[in-house]
Amino acid sequence: MQGHSSPWDVAIVGGGASGTLLAIHLLKQARAPLRVLLLERGRSVGQGLAYSTRSQRHLLNVPAGRMGAFMEDPEHFLRAVRRQAPDTAPGDFVPRQRYGQYLAEVLEETRARAAPGVRLETRSAQVVSMREHGGLVTLTTGDGAEHVARRAVLALGNADPADLRVEDGGLYASPHYHRSPWVPDALAGIGAKDAVLLIGTGLTMVDAVLSLEEQGHTGPMYALSRHGLLPHRHLRASAGTYDSPGIRDVLRALRREGLRPQDDATPHPIPVRVRALLRVLRREVRRATDAGASWRAVVDALRPVTVPLWQRLSDVERRRFLRHLRSYWDVHRHRMAPGVAEGLAQLMETGRLTVRAARVRGFRLDDTGTVHARILPRGEDREEHLQVRHVVNCTGPEGTVTRHGHPLLKRLADEGRLRPDMLGMGLDTDSHGALLDASGRTGGLLYTLGPLRRGELWETTAVPEIRAQARALADHLLARLNHGLLPPRRSAG
């Protein structure tokens, strides 16, 4: 049992970007005494998988001028970077490692400036179980210690990729398979001239290629995905200006597509259909192009309204989007830094990297350590065979998080304490992020934020969205704990 006699007010499980941003906002907003416990299984807070990389070639996918920890001060991070690199421009893409350091710095600055009695304690520990009792939550860590809190928040970030559900021929249990490129030294066993198969062609694949290049790899690389699409690149400079519609204009345009409220006495939000939204997007892209701007202006203009649009889709429409359009949305929405895109293009031009649209049908590992992959190219009916020495899984986070993801989530799901959302993309929550149990009820003690709310919010993995969630959840928790809020003040730094 923890040494302090009274329970923690809030216990945060996970010290990556989501957990750290929540802790920052709790400390910043609280005006009455508040005790916050941050439990992180790693050694450092603020990093998580995304920002723990040691590579200077892994860059942020959002310009520095938009990455501040506070919604009201998006250039806060930019000013921090300029203390060491004064020439950094708002549109520059800086190393991701620097952002992890920044979050840790802001946490310490906010802790030092917190109101009297507002305390944060961080501990290196992994939570293995949680138990609700008498309006409290007891969190048990791997070393057997117990921590009692009034509220607990799961900020676990993204799950590891799932193994492909194909015959692996012994590959998955061998050192020739790398389930996640984000595990420390995950690619260290790959020889300089070894042929490598990368499953997935998104940003994770891009990072894996950069890591291989940095460690001196010169062998061939093959990247496969169902559509064979690469993330588009950010522009170095604006290609014209264009005022794309805001949420009211988008909804007005959708109404013109023939959509109407349901015909009963109860008001309902205007339902949105994917096909109608796609027509609106295509029309706006044409208008942007005619105005001398880029399609990127339209996609970026949708960023602040993506969540309400997603929430107006029925489950059927959401599944239709995921089945037919998700891959196309991802490559347009989640783009590469310009320098990264140029390096990748050069690798493809020289033949070092081959990107194909194909499915993996199975693997076979022979006695020499050669991996024989059976692949089916898109649109073909005849399999091909590809021989490599290593396979790297770059498919992104596991979708069924309660089945193959974090052990704590699996345990809580088995106990009926939480449940996956309807799409199996994350956890089912109420509008504040409170977890729903197996019967669809919430006790108001367990919460989550960040990637685990993907099914409900869709856009919930990038910092601009997570910082808004962190602020809203901090305000909600303080109100539930009867702590009140501080009036808005300028952020530290």
Side-chain angles (χ1 to χ4, degrees), residues 1-46 48 103-104 106-108 110-157 406 408-409 411-412 417-418 429 432-435 442-450 452 469-486:
M1 182 71 68
Q2 62 191 44
H4 199 284
S5 58
S6 61
W8 299 95
D9 292 299
V10 181
I12 303 171
V13 183
S18 299
T20 302
L21 283 166
L22 176 60
I24 288 169
H25 284 282
L26 283 168
L27 298 179
K28 185 172 183 282
Q29 295 301 114
R31 66 183 180 188
L34 182 77
R35 300 176 63 246
V36 180
L37 175 64
L38 180 58
L39 296 163
E40 162 56 33
R41 62 180 177 179
R43 297 181 179 179
S44 304
V45 299
L103 287 179
V106 174
L107 182 62
E108 290 307 311
T110 309
R111 173 159 40 185
R113 298 185 182 195
V118 177
R119 292 183 47 222
L120 168 71
E121 185 169 329
T122 60
R123 297 184 185 178
S124 178
Q126 181 167 351
V127 177
V128 296
S129 67
M130 301 172 69
R131 175 171 56 90
E132 299 173 64
H133 55 95
L136 299 172
V137 183
T138 294
L139 301 89
T140 304
T141 55
D143 58 3
E146 292 185 339
H147 308 277
V148 180
R150 298 172 66 190
R151 300 290 186 276
V153 181
L154 300 179
L156 300 176
H406 198 285
L408 177 61
L409 298 182
R411 180 167 185 167
L412 292 174
R417 311 276 296 289
L418 55 77
T429 70
H432 298 291
L435 294 174
T442 176
L445 301 182
L446 304 181
Y447 291 80
T448 191
L449 79 163
L452 290 176
Q469 279 186 52
R471 170 61 189 268
L473 181 54
D475 289 353
H476 173 77
L477 290 172
L478 291 171
R480 290 293 302 269
L481 294 168
N482 298 316
H483 275 70
L485 305 172
L486 277 174

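One-based numbering along the sequence shown. Everything numeric here is computed off the predicted structure, so don't read it as measured data.
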| said: Apply side chain to side chain contact (heavy atoms under 4.5 Å, CB included) to residues V127 and L154 and explain how you reach the verdict. | reply: CA-CA 10 Å; V127 177; L154 300 179; over 6 Å; no
| note | CG of L103 to CD1 of I24, rounded to nearest 0.5 Å, is 5.5 Å
| Any residue meeting salt bridge (charged side-chain N to carboxylate O under 4.0 Å, His left out) with E132, in chain and number order, not counting sequence neighbours | R417
| request: Take L120 and L38 through the test side chain to side chain contact (heavy atoms under 4.5 Å, CB included) and record every step on the way to the result. | output: CA-CA 7 Å; L120 168 71; L38 180 58; 4.1 Å; yes
| query | L449 versus V153: any side-chain heavy-atom pair under 4.5 Å? | reply | yes
| query | If you round to the nearest 0.5 Å, how far is OG1 of T448 from CG of L156? | reply | 6.5 Å
| Distance from T20 atom OG1 to I12 atom CD1, nearest 0.5 Å? | 8.0 Å
| said: So V148 and V137, do their side chains get closer than 4.5 Å, heavy atoms only? | reply: no
| request: Without swapping roles, check the side chain of H432 against the backbone of A434 for a donor-acceptor pair under 3.5 Å. | output: no
| said: So that I can tick it off, tell me whether R35 and D9 are bridged by a salt bridge, with the cut-off set at under 4.0 angstrom between side-chain N and carboxylate O. | reply: no
| message | If you define the side chain from C-beta out and look only at heavy atoms, does anything of L481 sit under 4.5 Å from R151? | response | yes
| When rounded to the nearest 0.5 angstrom, what is the spacing between CG in L107 and NZ in K28? | 13.5 Å
| Mind checking what makes side-chain contact (heavy atoms from CB on, under 4.5 Å) contact with S124, not counting sequence neighbours? | none
| task | Check the pair L473, L22 against side chain to side chain contact (heavy atoms under 4.5 Å, CB included), reporting the backbone distance first and the verdict last. | result | CA-CA 7 Å; L473 181 54; L22 176 60; 4.0 Å; yes
| note | residues 115-140 vs ring-ring contact (aromatic ring centres under 6.0 Å, His included), sequence neighbours excluded, gives none
| query | Out of curiosity, L39 CG to L37 CG, how far, rounded to the nearest 0.5 Å? | reply | 4.0 Å
| note | What one should report as the nearest heavy-atom pair of L136 and P7 is CD2-CG, 4.2 Å
| task | Carefully, step by step, assess L409 and L452 under the rule side chain to side chain contact (heavy atoms under 4.5 Å, CB included). | result | CA-CA 10 Å; L409 298 182; L452 290 176; 3.9 Å; yes
| Taking only residues two or more places apart in sequence or in another chain, which ones pass side chain to side chain donor-acceptor pair (under 3.5 Å) with Q126? | none
| Check: R150 side chain, V10 main-chain N or O, donor-acceptor pair, under 3.5 Å | no
| task | Hey, could you give me each pair passing ring-ring contact (aromatic ring centres under 6.0 Å, His included) that has a residue in residues 10-36? Not counting sequence neighbours. | result | H25-F70
| Would a 4.5 Å heavy-atom cut-off, applied to side chains only, mark Y447 and L435 as touching? | no
| task | Only counting residues at least two apart or in another chain, list the ones meeting side chain to side chain donor-acceptor pair (under 3.5 Å) with T141. | result | D143
| message | Any heavy-atom pair between the side chains of E121 and W8 that's under 4.5 Å? | response | yes
| Would you say H147 and R123 make side-chain contact, with heavy atoms under 4.5 Å? | yes
| Rounded to the nearest 0.5 Å, how far does CD of E108 lie from CG of L27? | 9.5 Å
| remark: Correct closest heavy-atom pair for L139 and A11 would be CD1-CB, 3.9 Å
| query | G450 and S18: which non-hydrogen atoms are nearest, and at how many Å? | reply | CA-OG, 3.8 Å
| query | Do Q29 and R471 come within less than 4.5 Å of each other through their side chains, counting heavy atoms only? | reply | yes
| task | Taking the side chain as every heavy atom from C-beta outward, state whether L412 and L408 have any atom pair closer than 4.5 Å. | result | yes
| note | All heavy atoms of G15 vs all of E40, minimum pair found to be N-OE1, 2.7 Å
